[in-house]
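All chains are named by letter (A, B, ...) in the order of the sequence lines, taking the proteins before the strands, and each is independently numbered beginning at 1.
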Protein chains: 8
Amino acid sequence: MREPPGRDGELRRLFQVMQLGDFARLDVYRDLRKGVPEVVYAAHKSDDELEAIVGSYLDERGYALVTRLDPDRAERLQRALTEGPEAAAETGFTYQPRARVLAAYTAAYQAPDERGCVGLLTAGTSDIPVAEEAALVVTHMGCRVERGYDTGVAGLHRLAEPLTRMLEAGADVLVVVAGMEGALPSVVAGLVDVPVIGVPTSTGYGLGGDGTAALLSMLQSCSPGLVTVNIDNGVGAGAAAALIARGRRD
Amino acid sequence: MREPPGRDGELRRLFQVMQLGDFARLDVYRDLRKGVPEVVYAAHKSDDELEAIVGSYLDERGYALVTRLDPDRAERLQRALTEGPEAAAETGFTYQPRARVLAAYTAAYQAPDERGCVGLLTAGTSDIPVAEEAALVVTHMGCRVERGYDTGVAGLHRLAEPLTRMLEAGADVLVVVAGMEGALPSVVAGLVDVPVIGVPTSTGYGLGGDGTAALLSMLQSCSPGLVTVNIDNGVGAGAAAALIARGRRD
Amino acid sequence: MREPPGRDGELRRLFQVMQLGDFARLDVYRDLRKGVPEVVYAAHKSDDELEAIVGSYLDERGYALVTRLDPDRAERLQRALTEGPEAAAETGFTYQPRARVLAAYTAAYQAPDERGCVGLLTAGTSDIPVAEEAALVVTHMGCRVERGYDTGVAGLHRLAEPLTRMLEAGADVLVVVAGMEGALPSVVAGLVDVPVIGVPTSTGYGLGGDGTAALLSMLQSCSPGLVTVNIDNGVGAGAAAALIARGRRD
Amino acid sequence: MREPPGRDGELRRLFQVMQLGDFARLDVYRDLRKGVPEVVYAAHKSDDELEAIVGSYLDERGYALVTRLDPDRAERLQRALTEGPEAAAETGFTYQPRARVLAAYTAAYQAPDERGCVGLLTAGTSDIPVAEEAALVVTHMGCRVERGYDTGVAGLHRLAEPLTRMLEAGADVLVVVAGMEGALPSVVAGLVDVPVIGVPTSTGYGLGGDGTAALLSMLQSCSPGLVTVNIDNGVGAGAAAALIARGRRD
Amino acid sequence: MREPPGRDGELRRLFQVMQLGDFARLDVYRDLRKGVPEVVYAAHKSDDELEAIVGSYLDERGYALVTRLDPDRAERLQRALTEGPEAAAETGFTYQPRARVLAAYTAAYQAPDERGCVGLLTAGTSDIPVAEEAALVVTHMGCRVERGYDTGVAGLHRLAEPLTRMLEAGADVLVVVAGMEGALPSVVAGLVDVPVIGVPTSTGYGLGGDGTAALLSMLQSCSPGLVTVNIDNGVGAGAAAALIARGRRD
Amino acid sequence: MREPPGRDGELRRLFQVMQLGDFARLDVYRDLRKGVPEVVYAAHKSDDELEAIVGSYLDERGYALVTRLDPDRAERLQRALTEGPEAAAETGFTYQPRARVLAAYTAAYQAPDERGCVGLLTAGTSDIPVAEEAALVVTHMGCRVERGYDTGVAGLHRLAEPLTRMLEAGADVLVVVAGMEGALPSVVAGLVDVPVIGVPTSTGYGLGGDGTAALLSMLQSCSPGLVTVNIDNGVGAGAAAALIARGRRD
Amino acid sequence: MREPPGRDGELRRLFQVMQLGDFARLDVYRDLRKGVPEVVYAAHKSDDELEAIVGSYLDERGYALVTRLDPDRAERLQRALTEGPEAAAETGFTYQPRARVLAAYTAAYQAPDERGCVGLLTAGTSDIPVAEEAALVVTHMGCRVERGYDTGVAGLHRLAEPLTRMLEAGADVLVVVAGMEGALPSVVAGLVDVPVIGVPTSTGYGLGGDGTAALLSMLQSCSPGLVTVNIDNGVGAGAAAALIARGRRD
Amino acid sequence: MREPPGRDGELRRLFQVMQLGDFARLDVYRDLRKGVPEVVYAAHKSDDELEAIVGSYLDERGYALVTRLDPDRAERLQRALTEGPEAAAETGFTYQPRARVLAAYTAAYQAPDERGCVGLLTAGTSDIPVAEEAALVVTHMGCRVERGYDTGVAGLHRLAEPLTRMLEAGADVLVVVAGMEGALPSVVAGLVDVPVIGVPTSTGYGLGGDGTAALLSMLQSCSPGLVTVNIDNGVGAGAAAALIARGRRD
C-alpha cells in the first residue's frame, strides 16, 4: 500500500484513476475525498472483474469491502486473493454469510479514529442482512453501532427497550430498517429528536411486497426528520448515517 | 311508499326491478335482502338521472342516501325533489357540505332497530369526510358510532384517549381512516382484539400521495385482524363494519 | 410450557418479550392479547432462525403455526425439533404439502373453545392453498370451517350448492379466494347478508396476473359488505374472519 | 357528393387521399374498403380543423360521425357547417349531449342495408355514454341494436330480462360495457354462446378507478369468448361488433 | 363416455357439476352450452390434480385439451392416463413440445362439423407457441386454420403473401399474434374488412417487454375492427375467433 | 401564550393534546419534544379548520408556519386572524406568494438560538418554491441558510461558484432540489464530504415528469451519502437538514 | 447584443454565467458551445421570471425561443418586452398559437448558415403542435425542414407521397411524431436507410393514452435505426435531428 | 453465397423473402436496403430455429450476428454449423462470453468500407456487455469505435480522459451506456456538440433498478441532443449510431 496523499496537499493524486484492463477505472482515493469507504457491489460483476477490483483496492488502500457476495463466490474470492503468487500472505477476511458482506484487510490497514454513534433498528428478523450492510459501512467510518433487531410494529412495546438504550448510548442518528408496511421509521421518527434514515426492504409479499409499500410509507411519512434511501440499500444508509454522526470535517 | 315484502315471504317481490326511462334499473329491495341501505354515488350521474333515481328510492323505500354530492348540486336536488308537482311536501333532508353526503327521508321512513357499535378513527383532519361517509351508512344500519378524529401517528399519545373510549363503549369493530403513509390502522390493529377495517385516503402528495401509499401499507400490514377497502371508500367500510357489528341475521 | 398470564391480571407478563440470540424478539403472549395465534412466516427466514423461533413458541405456548414452508424445509424443521437432546418427545406435527403449512403441538396445548363459523370459498383449484392458510388460522381460533372449492365464475351454477350449504350451516362471515379476474367475491357479496372477505391470488397470467387484477376487482367492487386483504394473504383473511365470527370478547 | 368508386373496380380511387390545408390528409373511401365508417375524434382537434374535416367528409361521403364533442362545440360546429356561403342547406344533424356524439348527413346519404344484430349491455347508468358511442357506429354499419342498460353485478337478477330479450332478438354478438370492477362481461360470457366484447369504462374511484381495474378484469377473465378494447372505447367496440354481426363480405 | 344431453332438452343435465375429491368441481357440459371446448390450464395445478381432471374429461366428454404443459409433465400425464388399471387402452395423444399443448382423445370422440375459417398470423418466430394455442382451440371447434408466421413489421412486404392467401381462403376473422411493439395487428386491421383479434406476447425486453408494450399498442390502435385479449392468451383468442367464424348457433 | 413546559420537567404537559371542535387534536408541544416546528399543510383543509388550527398554535406557541397556501387563502387567513374580536393586534405575518408559505408570529415568539448551517441548491428556477419551503423550516430551527439557485446539470460550470461558496460558509449538510432527470444531487454528493438530502420536484413532463424520474434517480444514485424525501417535500428535507446541522441535543 | 466569443478563443467567456435576481443563472453562450439554441420552457415559470429570462437572451444573443406558451401569456410577454422604457423598438416576434411557440429577434440576430435537411412526419393532426416545436429548433439550427402531416397508420398508403418526397429532398434524418399506438416510427424505420427519431405524443385515451403506449411502442420497436425522446418532447427531437443533419462541426 | 442484388437494380430481389420450415420468413437483403446488418436475437428462439436461421444468413449473406447467446448455446450452435454434412468448413466464429454475442463469417464475407467514428462510454463495469452489443453492430457497419468504460458519475474526473480522447479521434456521435440513476448521458450531452444516444441498463436494484430509473432519467434529461433506446438495447443504439456516423447514403 502506497502512502495516501495528505488531505490538503497533493490534490492531483486525490483524483488519481487506476485503469484495470479495459473494464474498470478505479477512483483510488475517493474515500479520502468523500470520507466514505469504497464498497464493491458484487452482484453484477464477473468473478474475474471482482478479483481484480478487490485486489487493487487491497493493494492501494489496505482494505476492501464487498456486498451482495454469495458464500461460494466469497470462498472463491478469498482463495484467489490468497493463493496467487503475488498475494500478500497476511490478508485477513471477515465474511458474514447471512448479510453476504465481506471485509478484507492487509497489515497496512489503519482503522479511522472513533467518532459518533449510529443506532440500528430493524422491524423484523428478515431485515437484519440489510441492517448489517449498513453496520459494515458505519463501523469502517469509525462510528460506534448500537443494534436493536426485530422490534416490530404490531406490538410496539418491543421497541421501548432498544430505542431507550440507543438514545442513552448517545446515538446521533438512527437507521431504521423495515419491510412489509414499513411503518417503524415513521413511528420512531415521531418519538425521537435525532434524524432518522428509513431503509425499506424487499421482505413483503403481494402488491407492494418488493419493498414498494415500505418505501412509499417512508416517503409519505407524517413524521418530520425522516429521510430515506432505496429498497435494501443498507450501504447508502450507513454511509449517510456515519457522515451525520461524525459531523462536518474541518 | 308501498309496504315492503316480508323478509321470508314474497321472495319474488324482493327481487323486483324498477325501470327508470332507459337509463336505470333499480334493485328496489336490495337493502332488505342485503341488510345494507342503497347509496347513490352522484359523481358520474347527470342531474336528471340523479333526481329520478333519488325520487324513486324515496317513493319506494322512504329514504335515500347520496354521496359525492357537491353543495350546489345538493341544493338543486333538494329543490327538484320538493318543488315538483308530485313532490311530497314532507320530505326532509340532512346535508353535510364537507363530507358531501345527503340523507333524505319521507314521513314513512322507519329507522332500523339499534344494535352493535362501530368505532371510527381518523389519522388527520383531512380524513374526516371519508369517515363521515362511513358514519352515514353505519347509522342508517342501526349501529351506534363512536368517533375519534385526528389521532395521528407522529405522536401516538393522541390516540390513547379516543381508542380507550371507544373500546369501553363496546365497539365491535373499528374503522380506521388514514392517508399519507397510512400506518394508523396497523398500529391500532396491533393493540386491539376486535376486527379493524382500514380505509386509505387520497390526502397525500408526491409518489403514492393519491392514496396508493396508504393502501399498500394496509395491504402489507403485519398486524393480524386488519382488512381494507379501496381509497376513499367510506361507504364500503361503513357497510362492512355495520354488518360485522350487528352480527348474523337469523 | 409455563402457565400463561390470566387475561385480566398480570398485565406486565402479557407484554413479555423473549430475546432469541440477536435476531428475534418474540412477543410471547400476543395471542392472548389479540385473540389471534402467532403465525411464523417461513419464507424470508433461515433454517436456524426458524428452528429457534418455532421451538420457543412450542416451549412457551404449546403450539406453533408456520406458513410458506416447503416440504424439504418442513422435514428438516420437524427433525430438528424432535431429534435434539432437549426436544420434547411428545411433539406432534401436521403438515399439508400443497398449502405448505405446518402446525406443531406439545402435549400441553389446549385448543380454544369452539365459537362461530367461517365459510371458505375458492374460485378455482389453484386457489386452495391460500384458502387452507386461512383455514389453519380459523380452526386454531376455535371456529368451525365450511369449505366450497372450485366454484367458478364462468358457470355460476357451480356456486349454488356450496354457498347454500355454508349459509345453512350458520356461517357468520365468508372468505372468498379468487385469482384471475377475481369476480367471485363481488358476486357472492351481492347475494348474501353476512360480511365477505375477498382474498386475491397470484394465479393469473399476463397483465395483472400476479394478483393485481383480482385485487383491483375486489377493491373496485360495487357490492357492499366486501373487504379485502393483500394477494395470497390467507393468514390475514383467516384471522379477521375468525375475529368477526367469534364476535367481541367481553 | 361524388359517386363513390365501385367496390371491385377503380381500385386507385379507393385509396384516394384528400389534402386539407397542411394539417390533414383524409382517407376518403376507407369506409368502403374497411366496411367501417370514419369517426372523427374531436377531443384533440381545434375548431377550425374539426370544421374542415367534417365538412369534407360531408361533401365526399354524404355523412360524418363525431365523438367526444362537448355541447358548445357541437353547436358551433353545426352553425359553421350550415351558415357558411357554400354550406348545403339540407344538412341534417343528430346530437346526443350525454354521449357527446354527433351525426351529420346530407340529402345524398344512403344508409347501408340492414344485416345482423348487436346486443348492448351496461353495468351501470354511468356507462351509457360509452355504450351509445358503440350504438352510433353499429347503426351506421346497418346492424340492429338491442339495448339493456344498468343491469348490475351486485344483483344479477337485473340481468336476466335484458339478456334473454337480446338473445331472443337474434343478437350475433354482445357488447358489454362496465366500469368499477368490470365483472359483468365475464359473467355474461360465461352464460352465452355468442362472442362478447367487453368495454371497460373510467367510472370508478381509488386504485384502478380510471378504468384499469375493469380492463384488467376483462383481460384476466376465465370466460372463453370474451375479447376487449381500451377503456371508454365505445367506437372501437361498435366497429368490431358490427363487423362480426354482418359476417364476411363476399 | 356417457351420451351427452341433447342441446334443447335435458337442461338440468347441461348444468351438471362433477365433484373431484375436495379440489375441483367440473362443469362437465360447458362445451355444449358455450360452444367452446374446456381447456385445462396446467401451470398452477399439481400433477395429481391434473390427472384427475383430465381423466374425468376424457371419461365424460371423450377428449381433453391441456395448455402450458412442460414436456416432462406431459410424459408423466400420458403415462398416468394409460398405465393405470382402469385406463382405456385406446386413448390417443397429440403433444406439441414448443407450444406445450396436449390433446387427448378416446375412441368415443366425435369432432365437430367443419364450419368457418380463421387466419392466424404472427409477427415473429417467438410468437408461434401462442398462435398454436389458438390453433388448438380453433380446430377443436371445427374451423379451418390458415397460418402465416414470422411476417414482421420491420419489412411489411413479408406480410403480403400470407395475408392475401388467407383472405382468399375465406378467413372470417384474423388472429394476429405479436410481441415487442405489437404493431402488426394495427397494420393488418387497417388493411382488411374482417374483424381482427390481437394477441400480445411476452417476447420483448426492457420496459414493456413483458408484453405490456404490445398490449397497450393494440388497446390504443387507431384501426377500427381490432379487439384484443391478455398477453399470451392464445386460448382466449382462439375461442373468440372460432365463435365469430362459425357465426350464431340457431 | 402560556409558558411552555421545561424540557426535562413537566413531562405530562409535553404530551398535552388540545381538542379543536371535533375535527382536530393538536399536539401542542411537539416542537419542544422533536426539535422541529409544527408546519400546517393547508392543501386538504377547509378555511375554517385552517383558521382554528393556526389561531391555536399562535395562542399556544407564539408562531405558526403554513405551506401550500394560495395567495387568496393567505389573505383571508390573515384577515380572519387579525380582524376577529379576540385577535391579538400585534400578530405579524410574512407571506411568500411563489413558495406559497406563510409565517405568523405574536409578540411572545422567541426565535431559537442560532446553530449550524444548511446549503440549499436548486437545479432550475422552477424548483425554487420547494427550496423555499425547506428554508422556512431551517431558519425557524435556528440554522443559517446559504442559497444557490438554478445551478443546472446541462452546464455543470454553473454549479462551481455556489457550491464552493456554501462549503466555505461552513454548511453542515446540503439540500439539493431538482426536477426533470434529478441528476444534480448525485453529482453534488459525488463532490462533497457532507451529507446530501435530495428533493425531487414535479417540474418535468412526459413519462416520469410528475417527479417520479427525479425521485428514482436519487434513490438509484451511485453517490454515497445521499438520502432523499418525497417529491416536492421541502418541509421534510428542511426539518431533517436542520436536525443534522444542529447535531444532537444534550 | 455584445459580440459573442469566437469559437476557439475566449474559452472563459464561452462559460459565462449571468445571474438574474436570485432565481436564474443563465448559461449565456451554451448555443455556441453545444450548437443548439437555448429554448425557454414557459410552463413552470412565472410571468416575471419569463420576461427577465427572455429579455436577457434577447440582449445577449439577439434571439429567444419559447415553448409551451399560451396565447394570453404570449401577448403579455410581447407587450412587456416592447413597451418597457429600455425595450428595443426593433424586436420582432413570431407566435404560433396551436404549437404555442414564440420566436423573438432583435435586429442583431444572424441566422446560422444553412446545412442539412430534416424530414418531419406526424401520424395524425393532433400531433402537429409537437412537430412544430421540433421545426422551431431545427430551422433555428440552419437545417431545411420537409413536412408531411397526418400520414396515418390505419391506411399506410397516405404515407407514400410525403415519405418519398422528403427522401428525394435529401433528408438526412426523419423525426416521426405519433400518439395512440405510436406505430408509425417503427413502420417508417423499417423502410428507410436514414436514422429515425420517434416522438410519442399524449394524444390517446384510456390505458397508455397519456403517451405511454406510444413511447413503449417506440422503445420496443423491431426496426433498427430508431431512437426516441420523451412524450411530447418536440424540442429535444429537433435538437438531436439538427445535430445529426448538420454532421460533426470541425 | 449468391451474388446480392445491386443497390439500384433488381428491386424485386431486394425484397426477397426466404421461407424456413413453417416458423420463419427471412428478409434476406434487409441489410442492403436499410444499411443495417441483421442481428438474430437468440433469447426467445429454440436451438433448432436458431441453427436454421443463422445457417441461412451465412449461406445467403456470408455472415451472421447473434446476441443474448449463452456460452453453452454458442458452443452447440458452432458445432451444429460446422459438423453438419453440408457445413462449409471455412466458417469462422468470434464469440464474447461476457457480452454473449457471436459473429460468424464464411470466406465470402466482405466487410463494409470504413466510414465514420462512434464513441462508446459506460458508467460502470456492469454496463460493458450492453456496450459491446453496440460495438458489434457498429463495427459491422464499417465505423471505427472508441471505447471508454467505467467512467462513473460519482467522480466525474474519471470521465475527462476518455471523453477528450474520443472527441479528438473524431467521433461523430456518442453512445453512453448507464444503469442505476443513468445520469451520465445527461452530463455528457451537456458537454459535447455531437448527438448522444443514451442506453439505460438493468444493473440497479430496488425501485427502478430494472433500468426504469435510468431510462426515465434519460427521457427527462435537460440536455439537448440526447436521444434514447430501450433498456439494455445495445443493438439498437449501435445501429442508429452507425447510421448517424456514416451519414446519408447517396
**Complete:** Heaviest contributor of heavy-atom pairs below 4.5 Å to chain H, chosen from E:Pro162, E:Gly148, E:Gly124, is E:Pro162
**Message:** Hydrogens and angles aside, do H:Ser46 and H:Asp48 bring a side-chain donor and acceptor to less than 3.5 Å of each other?
**Reply:** no
**Request:** Find the one option among E:Asp127, E:Thr122, E:Thr125 whose heavy-atom pairs under 4.5 Å with chain H are most numerous.
**Result:** E:Thr125
**H:Arg68 charged N/C atom sitting above E:Tyr205 aromatic ring, 6.0 Å / 45°** = yes
**Message:** Regarding H:Asp232 and H:Ser202, do their side chains bring together a donor and an acceptor under 3.5 Å, going by distance alone?
**Reply:** yes
**Request:** Please flag which part of E:Arg147 lies under 4.5 Å from any non-hydrogen atom of chain H: side chain, backbone, both or neither.
**Result:** neither
**Fill in**
Honestly, the part of E:Ile128 sitting under 4.5 Å from a heavy atom of chain H is side chain
**Prompt:** Is the distance between the ring centroids of H:Tyr63 and H:Tyr109 less than 6.0 Å?
**Reply:** yes
**Prompt:** Strictly by modelled atom types, are H:Ser126 and H:Thr203 linked by a side-chain donor-acceptor pair under 3.5 Å?
**Reply:** no
**Asked** Is it the side chain or the backbone of H:Asn233 that comes within 4.5 Å of chain E heavy atoms, both, or neither?
**Response** both
**Request:** Give, as side chain, backbone, both or neither, the part of E:Thr201 having an atom under 4.5 angstrom from any heavy atom of chain H.
**Result:** neither
